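Just so we're on the same page: letters track the sequence lines, and every chain starts at 1. Heavy-atom basis, side chains included; hydrogens, waters and symmetry copies ignored. Just so you know, these numbers come straight off a predicted model, no measurement behind them.
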Amino acid sequence: MKNKKYILEMFPYPSGSIHMGHVRNYVIGDIFARYQKLKGFEIIHPMGWDAFGLPAENAAIEYKTHPHDWTLKNIELMKNQLSTLDLNLDWDRELATCDKNYYQFQQEIFIDFFNKGLAYKKNSLVNWDPVDQTVLANEQVIDGKGWRTGAVVEQKELSQWFFKISHYADELEESLDDLDKWPEKVKVMQKNWIGKSAGCEIVFKLEKNDDEINIFTTRPDTIFGATFIALSINHEILRKFIDKNKIESIKAEFNKCDDKEKIGYELPIKSINPVTGEKIPVYIANFVLDTYGQGAIFGCPAHDERDYDFAVKYKLPIKKVLDCSDEDLPFTDDGIMINSKFLDGLKKDQAIEEIVNYLEKEKLGNKKVNYKLRDWGVSRQRYWGCPIPVIYYEDGSFRVLDKEELPVELPYDIKMDGKGNPLLKESDWRSVICSKTGKKALRETDTFDTFVDSSWYFIRFLDNKNSKKPFDREIINKLMPVDKYIGGIEHAILHLLYARFFTKALRDIYKLEVSEPFKELFTQGMITHKTYKNGNGSWVLPIDVAIKNNELVQISTNEKIIEGPSEKMSKSKKNVVDPEEIIKNYGVSATRAFMISDSPPDRDLEWTDAGIQSSKNLTNRIERFFSSDTNTKNPTEDDQKFIYKCLYDMDNNISNLSLNKYIANIFTLFNYMEKNQTDIHNGLGKKILICLYPLFPSFIDKIFTQLFKDKIEKYNWPEVDKSFLKEKNIDLPIQINGKFVTTYKTQIDYEINDIYDNLINISKVKEKIKNKKLVKKINVQNKIINLIFN
RNA sequence: GCGCCAGUGGCGGAAUGGUAGACGCGCUGGUCUUAGGAACCAGUGGGCAACCGUGGGGGUUCGAGUCCCUCCUGGCGCACCA
């Protein structure tokens, strides 16, 4: 569709009530969508529910309800709340990820992924959140802690389902460059996360043994300076040289020591430097990451800080291969190679090229690109999620179900006792007879990470009623991508990376023409609020705080309140205001207006009483103006110019999402019209109302209907004739020697030589140029004149 | 440590390299009234002035908040990534 605009805000988790962050997100999107509609576009603006997830299970246990009932009730509640925000949403596209009509197709996609090798099962060390009792993806572990619970994540060896996001690592990183309408910041974060680095893999042989260790490096040029090898504690080859208990005790020692301290354990084996033939020691070292490269490094202490620290501590030889003085060690810059045979005299880049050629020729190594990004673990040991359509036979083998066997429905009758995954105990649901083999089998009890649900919802929106397949490719090709995606920066990596991966995978499986889901990304700022604490140090709700005798006091207890800094609104710090209350007290128009006042939408907005009050005053003024009978002056040409200029600015400001400036334009407009008592019972009045409509839809609609006995929806955004805005007379700024002195009234398109004599006779100018000679006249036509005197 | 972004009145913030501070909040004085979450009018960067002012210091330019270099401060992200 040529004229379509797919505008989308990140869909909410149905927690039961919307918060101010939602309000800001959806109001920004709504203003933009309504504006685009007035501009003549066909708008796709859907809304749905990210409805699977842990809070439903926790609530079910706490309140003795069922996750399904709890979630559906919340959806209803939140839908009602959203309806009070005057949002123009395509409710006929609504979907909830917990709905069988959604997740059965997710199961279908999984089957496709599996058949394409994009989904696989693997036994590996995974992140285990002991509080939520589930596995977490790498992206969900922040500083070693679970992203939701804050609990220290443990490493557990489990057999888990993975999506092969690494298959797209290269494309995910490269096509970031095409996303020119994404915030640079988000792209940088994704780039860092993917962590592409070009280098090579070198094979180190072990002495008296046929074993080999593969080592990835970006600095093969320093190979002649390699004086040891270090392995991660989880490296497989260790088991050959020391027993399991020893490994465990070393691991425990590693865990105990300070993060930055480097410690190692020397193995009873030597390795051979493949280019020098020297025997070098092999260590287990705590600073070697098992999740990067092959979990093994060669140490070149002279030219790497970490290796240097380690070598000093364990008195290992430090061999220079780049020319530098001893004081500069470790020397990590570019330089001239020494002690490196055929590399001597070369600079770093040349040396790398040479050595890689050599290694490849001698079959000692290969060029290799390495990524930090690892495959996405999607198994979750939780009930309230999309079941993974797999069965296990008694012999331990498994079969991914056929599409015809779908959906695997989540059973409703379960016991939520808070101990383990309830699906494990549902033997009726779990035990099946395989329809293909007739063998007894058990269902997979893990469910998908809920980020899987949100990785394709924007596609399903476009064909949400399709009961045969996930989507119709023709429709998707016509309507994707999302033209504008609006949401919080907190999803910079997780959701946005997964959604990009899914889009590419679906493209390859279903022959879609779209490679990137979100053409333009807008990350809105958070809403902050002052924090309050009482004498006990407990947080106090803003609504419970008042000013008495110039002091803040808690209303309920009359205690003194200590005001803290403004921080992101959060339930835990109680610095929240309830949208429902605000709308009740100030009305939806003022609430919408405040969401875009005071700060640009991509920056944080501080919630203040004065701020929302100011927005309320604005809506009062607008209402008063349109209902007053004293505004009767026919707009002059100057009036019209001024007003059209405001409308013109609004146009630009909304299209750039500079919505704080859009509000400023509205103030400027009404300041002017009130002063001039401009009559607006005419075409101009209609245009003004249309330009206010995206912000105040129902309020302006009412005024429009009353004033013009007409329907505002029939109209388009007014096009302003730019040539009409051009002023005939201007106040031209005059500078002497680059400094502003005065302005000079003149017609546009003046000839500088015609007005020059007048200029130098202005008294302020005359003063400045006394006893000086003209050097140069600089005229920027209709902008400024700068006269240089000496 | 590395990377990115930002620093402008009392505050939030405006300024395609061309009159810094639009607009709003707050504040000061005044008007009016069936005292309100009002409304209206005037003023509001500093300084009596000449002038001085966009974190500090350099530079480019006729002209710099804007571009370049450097330093300082704050925020965010990454952080033993071989």
Side-chain angles (χ1 to χ4, degrees), chain A residues 142-143 183-197 199 202 215-220 222 226 230 232 259-262 285-289 291-300 303-307 309-310 332 370-373 489 492-493 566 585-586 590 593-594 597-600 602-606 608-618 620-621 624 646 649 652-653 658 660-671 674-675 731-744 767 775-780 782-789:
Chain A
I142 297 149
D143 291 336
E184 210 49 44
K185 190 182 164 154
V186 175
K187 290 198 279 184
V188 168
M189 283 167 74
Q190 291 214 358
K191 211 164 209 157
N192 289 341
W193 188 263
I194 296 166
K196 180 179 181 172
S197 58
I202 302 177
I215 289 179
F216 175 77
T217 180
T218 54
R219 292 296 305 274
T222 62
S232 126
D259 269 1
K260 286 282 173 220
E261 197 197 339
K262 288 182 177 52
N286 66 337
F287 68 96
V288 180
L289 303 168
T291 56
Y292 188 78
Q294 307 279 352
I297 62 149
F298 72 75
C300 174
H303 307 292
D304 183 282
E305 281 176 41
R306 298 153 300 184
D307 300 345
D309 293 346
F310 192 77
T332 57
N370 196 54
Y371 297 92
K372 215 175 90 179
L373 180 72
I489 186 101
I493 291 175
S566 199
N585 291 336
Y586 295 92
F594 185 50
S597 303
D598 287 13
S599 335
D602 56 349
R603 273 197 234 168
D604 288 355
L605 170 72
E606 178 166 10
T608 59
D609 289 346
I612 179 73
Q613 185 55 47
S614 165
S615 295
K616 181 66 189 166
N617 293 345
L618 174 65
N620 284 344
R621 274 174 73 181
R624 216 180 302 126
C646 286
D649 289 344
N652 287 329
N653 286 331
S658 301
N660 56 322
K661 288 188 253 171
Y662 171 46
I663 285 275
N665 298 146
I666 296 174
F667 274 104
T668 308
L669 176 68
F670 280 88
N671 288 348
E674 283 168 350
K675 198 171 209 161
D731 284 333
L732 188 67
I734 307 301
Q735 294 182 340
I736 302 297
N737 294 342
K739 282 197 169 182
F740 171 77
V741 175
T742 186
T743 58
Y744 176 76
E767 238 172 81
V775 179
K776 202 173 177 185
K777 289 182 240 176
I778 292 154
N779 176 38
V780 184
N782 300 331
K783 270 265 172 70
I784 200 162
I785 285 178
N786 187 8
L787 302 174
I788 311 302
F789 278 83

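- Taking atom CD1 on A/I666 and atom C1' on B/G24, their separation rounds to 12 Å, with Å as the unit.
- Rounded to whole angstrom, the span from the NZ atom of A/K191 across to the C1' atom of B/C2 amounts to 16 Å.
- In this structure, B/G30 is classed as anti because its glycosidic torsion departs from zero by more than 90°.
- Among the duplex regions that RNA chain B forms, those built from at least three successive Watson-Crick or G-U pairs under 3.5 Å are B:1-7 with B:72-78, B:10-12 with B:23-25, B:26-31 with B:39-44, B:55-59 with B:67-71, ordered by first number.
- In this structure, of B/A82, B/G37, B/A15, it is B/A82 that holds the atom nearest to the side chain of A/Y292.
- The separation of B/A38 from B/C27, taken at their P atoms, amounts to 11 Å, rounded to a whole angstrom.
- On a pure distance criterion of 3.5 Å, a polar donor-acceptor pair joins the side chain of A/Q735 and the base of B/G18.
- At least one side-chain nitrogen or oxygen of A/S197 sits closer than 4.0 Å to the OP1 or OP2 atom of B/A82.
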Report task. Report, as a single string ordered 5' to 3', how protein heavy atoms within less than 4.0 Å touch nucleotides 40-55 of chain B: B base, S sugar-phosphate only, - not at all. Result -> -----------SS---
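- Comparing B/G13 with B/G57, their P atoms are spaced 25 Å from each other, to the whole Å.
- In this model, the phosphate group of B/G24 is not approached by any side-chain N or O of A/N660 to a distance below 4.0 Å at OP1 or OP2.
- Between the CD atom of A/E305 and the C1' atom of B/A82 there is a distance of 12 Å, given to the nearest Å.
- Taking atom C1' on both nucleotides, B/G10 is separated from B/G17 by 31 Å, rounded to a whole Å.
- Across the interface with RNA chain B, nearest-nucleotide mapping of A/D731 and A/T291 shows A/D731 to be the residue nearer the 5′ end.
- Between A/S599 and A/G195, the residue whose closest nucleotide on RNA chain B is further toward the 5' end is A/S599.
- Across B/C80 and B/A14, the matching C1' atoms stand 45 Å from one another, rounded to whole Å.
- Proximity of A/N617 to the phosphate of B/A38: no side-chain N or O atom is located under 4.0 Å from OP1 or OP2.
- The residue A/F667 sits close only to the backbone: its heavy atoms come under 4.0 Å of sugar-phosphate atoms, none of a base.
- Rounding to the nearest 0.5 Å gives a distance of 4.5 Å between OH of A/Y662 and CD1 of A/I666.
- Per the geometry, CG belonging to A/L605 stands 13 Å off C1' belonging to B/G24, to the nearest Å.
- For A/P733, the side-chain atoms get nearest to B/U19 when compared with the rest of B/A79, B/U19, B/G12.
- Among the heavy atoms of the strands, none lies under 4.0 Å from A/V741.
- How far CZ of A/F789 is from CD1 of A/I736: 5.5 Å, rounded to the nearest 0.5 Å.
- Residue A/I297 has its side chain nearest to B/A82 when only B/C25, B/C78, B/A82 are considered.
- Between A/Q294 and A/I215 there is no side-chain heavy-atom pair separated by less than 4.5 Å.
- You'll find that the side chain of A/Q613 is closest to B/G37, out of B/C80, B/G37, B/A22.
- Distance from the side chain of A/T218 is smallest for B/A82 among the nucleotides B/G12, B/A82, B/G24.
- Counting heavy-atom neighbours within 6.0 Å of A/E305 CD, excluding the residue itself, gives a total of 12 or less.
- Rounded to the nearest Å, the gap between the C1' atom of B/G75 and that of B/U28 is 35 Å.
- Here the side chains of A/I784 and A/Q735 are in contact, with some heavy-atom distance below 4.5 Å.
- Here A/K185 lies in heavy-atom contact (under 4.0 Å) with sugar-phosphate atoms only.
- For the pair A/L373 CG and B/C78 P, the interatomic distance rounds to 15 Å; values are reported in whole Å.
- Distance A/Y371 OH to B/A82 C1': 17 Å, rounded to the nearest Å.
- B/A49 and B/C40 have their C1' atoms separated by 35 Å, given to the nearest Å.
- Under the salt bridge (charged side-chain N to carboxylate O under 4.0 Å, His left out) criterion, A/R621 pairs with A/E674, sequence neighbours left out.
- The distance from atom NZ of A/K616 to atom P of B/C25 is 15 Å, rounded to the nearest whole Å.
- What separates CZ of A/F789 from P of B/G63 is a distance of 16 Å, to the nearest Å.
- Atom CG of residue A/L732 and atom OG1 of residue A/T742 lie 10.0 Å apart, to the nearest 0.5 angstrom.
- Here B/C80 is the nucleotide among B/C62, B/G18, B/C80 with the atom lying nearest to any side-chain atom of A/K262.
- With B/G13, B/G18, B/A22 as the choices, the nucleotide that has an atom nearest any side-chain atom of A/P600 turns out to be B/G13.
- Interatomic distance, CG of A/N617 versus CZ of A/R624, reported as 8.0 Å (0.5 Å rounding).
- The two residues A/Y292 and A/S197 come nearest to each other via the heavy atoms OH-OG, 2.8 Å.
- Counting any heavy atom pair closer than 4.0 Å across all strands shown, A/Y586 reaches a base atom.
- The base of B/C62 lies close enough to the side chain of A/N786 for a donor and an acceptor atom to sit less than 3.5 Å apart.
- When atom types are taken as modelled, the side chain of A/K262 and the backbone of A/F310 share no donor-acceptor pair closer than 3.5 angstrom.
- Nucleotides B/U31 and B/C25 place their P atoms 22 Å apart, quoted to the nearest Å.
- Across all strands shown, A/L289 has heavy atoms under 4.0 Å from base atoms, whether or not it also approaches the sugar-phosphate.
- For A/I493 against A/M189, the heavy-atom pair with the smallest separation is CD1-O, 3.9 Å.
- Residue A/V188 places its side chain closer to B/G3 than to any other of B/G3, B/A82, B/U19.
- Between the P atoms of B/A50 and B/G45, the separation comes to 15 Å (whole Å).
- Side chain of A/D307 to backbone of A/C300: a donor-acceptor contact under 3.5 angstrom is found.
- Distance from the side chain of A/F287 is smallest for B/C80 among the nucleotides B/C80, B/G12, B/U19.
- Judged by distance alone, with hydrogens and angles left aside, the side-chain atoms of A/S614 form no donor-acceptor pair with the main-chain N or O of A/A610 at under 3.5 Å.
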